[in-house]
Amino acid sequence: MKHNYKKIFTALAFPFIGLIILTLVIMAERQGLQYNLEVNVNKADVFADGSNVAWEDIAYSAPVAQSAAECIVIADTAHEYGQDYLDVAAFSLDEMQVAYDLVDLKDTAFPDLSAYKTCVLVISDLSVIGDEILDIFNWVRQGGHLTNTGVFDTNVTFQVVASKLGIVDGGAEFCVINGFRVKNNFMLGGTENDQTKTFVFNEPMPAALAVNLVPECEVYLESDTGVPLLWGVDYGKGKMVINNFSIIEKAARGIFAAAYSALDDVSIYPVINASCFFLDDFPSPVPMGENEYIAADYGCDVNTFYTNIWWPDVLAWEKE
């Protein structure tokens, strides 16, 4: 009888000990997760006024450089698409690890630019800037770098400063954009020899001001009909990269990042040297029977192809 109790005790002891160990591991993991969340919340507190942010209010937070911001983003979220343009600019700058200060003219006066190297105008209607509009170009003339996120509204203020943007004539009418061409090897993988890239967008459709530029402008993107969409122009000691393209979907992020990079002769930002591939609906049951193309090319049924040819090839590509 003693022998049977000993067996029973031995049989139950190991699972019980294993359960205790598993409980301790889970508790340690949860404690580490809680600590990690607290650290991330602290890192996300990057607002200039020092205010704290609740974890549930943080949709996305990229680590931001700890140095003083040399870039200022001036937005007008009171505009119909102001917040959409700001989302594109903020996401791109965060991904590029660019520290920046944000001013929204909806509730803040126009800031002093003297402390900054770069200014991003998230403003379509330049008239909201008021008399300070000329201060921007004086700042650029002294060495500042300026870019914007979308096509400007055509109004009196825009016409006053159009020549400073490199525009020699035009800018009174909008035209719908169906596609664009990459100029001057502006974006990686795109050359002047590429055919026009065709966009398919939801409303609002991409639009641009029909303009002509002075010869000194360097055009980076042009429409399928030759309308300049993005160009760079030197102004005094500074430089401007002007966006004449109303695009606010995900595709705008890469264009904005490239435009921001064009403000300097050399622009460096971190990327992950990696790639990721997803196999849609995998693993899934291997179809039975034959496929006419597989039978013609490989001389086997579908099951044999997946098992002996396709999967070994996928594993070989992964190792490469």
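Remember, predicted model here, so these are calculated numbers, not experimental data. Heads up: numbering here begins at 1 and tracks the sequence.
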- Given D264 and K117, is the salt bridge (Lys or Arg N to Asp or Glu O under 4.0 Å) satisfied, shown in steps? CA-CA 11 Å; D264 290 294; K117 175 184 176 183; 3.5 Å; yes

- Task: Take S124 and Y85 through the test side chain to side chain contact (heavy atoms under 4.5 Å, CB included) and record every step on the way to the result.
- Result: CA-CA 9 Å; S124 297; Y85 283 119; 3.9 Å; yes

- So K164 and L134, side chain to side chain contact (heavy atoms under 4.5 Å, CB included) or not? Walk me through it. CA-CA 10 Å; K164 302 179 186 300; L134 295 180; 4.0 Å; yes

- Message: Between T149 and V120, does the side chain to side chain contact (heavy atoms under 4.5 Å, CB included) criterion hold? Intermediate values first, please.
- Response: CA-CA 7 Å; T149 55; V120 178; 3.9 Å; yes

- Message: If you apply the rule side chain to side chain contact (heavy atoms under 4.5 Å, CB included), what do you find for T147 with L121, and how did you get there?
- Response: CA-CA 6 Å; T147 189; L121 287 182; over 6 Å; no

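Using a distance-only test at 3.5 Å, with no hydrogens or angles considered, a donor-acceptor pair links the side chain of W139 to the main chain of L113. With hydrogens and angles disregarded, a donor-acceptor distance shorter than 3.5 Å links the side chain of Q97 to the backbone of D94. Between the side chain of T157 and the backbone N or O of L126 there is no donor-acceptor pair closer than 3.5 Å. Between the side chain of K239 and the backbone N or O of A262 there is at least one donor-acceptor pair closer than 3.5 Å. Distance alone, capped at 3.5 Å, places no donor-acceptor pair between the N243 side chain and the F256 backbone. A distance-only check finds no donor-acceptor pair linking the side chain of W317 to the backbone of P312 [under 3.5 Å]. Looking only at distances, a side-chain donor or acceptor of N244 sits under 3.5 Å from a matching main-chain atom of L209. Side-chain N or O atoms of T304 include none that pairs as donor or acceptor with a backbone N or O of C300 at under 3.5 Å.
V160 and V168 end up in different hydrophobic clusters when Ile, Leu, Val, Met, Phe, Trp and Tyr side chains are linked at under 4.5 Å. M240 and V214 fall into different hydrophobic clusters, where Ile, Leu, Val, Met, Phe, Trp and Tyr are joined by side-chain heavy atoms under 4.5 Å apart, directly or via other members. The cluster map of Ile, Leu, Val, Met, Phe, Trp and Tyr, joined by side-chain heavy atoms under 4.5 Å apart, puts V302 and Y293 in different clusters. Cluster membership for F305 and M288, using ILVMFWY side-chain heavy atoms within less than 4.5 angstrom, is not shared.
C119 contributes atom SG, which lies 10.0 Å from atom CG of N148 (distance to the nearest 0.5 angstrom). We find the SG-CG distance between C71 and L102 to be 10.0 Å, quoted to the nearest 0.5 Å. Annotation: the span from W231 atom CH2 to Y220 atom OH amounts to 12.0 Å, rounded to 0.5 Å. Distance check, rounded to the nearest 0.5 Å: CG of D301 to CG of N291 gives 10.5 Å. E70 CD to Y116 OH: the interatomic distance, rounded to the nearest 0.5 Å, is 11.0 Å. A distance of 5.0 Å separates OG1 in T154 from CD in Q159, rounded to the nearest 0.5 Å.
At least one side-chain heavy atom of L165 sits less than 4.5 Å from a side-chain heavy atom of F137. Between I177 and F245, some side-chain heavy-atom pair lies under the 4.5 Å cut-off. V211 has its side chain within reach of P228: a pair of non-hydrogen atoms, C-beta onward, lies under 4.5 Å apart. In this structure, the side chains of S127 and V156 stay at 4.5 Å or more apart for every pair of heavy atoms. The closest side-chain heavy-atom distance from L230 to I242 is not below 4.5 Å. In this structure, the side chains of I123 and I129 come closer than 4.5 Å at one or more pairs of heavy atoms. Contact check for S114 versus Q142: no side-chain heavy atoms found under the 4.5 Å cut-off. Taking the side chain as every heavy atom from C-beta outward, Y235 and L146 never approach each other to under 4.5 Å.
A donor-acceptor contact closer than 3.5 angstrom links the side chains of Q83 and D87. Between the side chains of N212 and D169, a donor-acceptor pair is found at a separation under 3.5 Å.
Counting heavy-atom neighbours within 6.0 Å of I268 CD1, excluding the residue itself, gives a total of 12 or less. Around OH of Y306, the count of heavy atoms belonging to other residues, nucleotides or ligands within 6.0 Å does not exceed 12. In the displayed structure, D313 atom CG is contacted under 6.0 Å by more than 12 heavy atoms of other residues, nucleotides or ligands. Other residues, nucleotides and ligands contribute over 12 non-hydrogen atoms within 6.0 Å of the CZ atom of F110.
Residue V128 forms a side chain to side chain contact (heavy atoms under 4.5 Å, CB included) with just one option from I74, D153, D76, I133, and that option is D76.
In this pair, F158 and F152 present their aromatic rings tilted. The plane angle is within the 30 to 60° band.
Of all the heavy atoms in E290 and A295, the pair that sits closest is OE1-CB, 4.4 Å. Between V122 and A89, the closest heavy-atom pair is CG2-CB, 4.3 Å.
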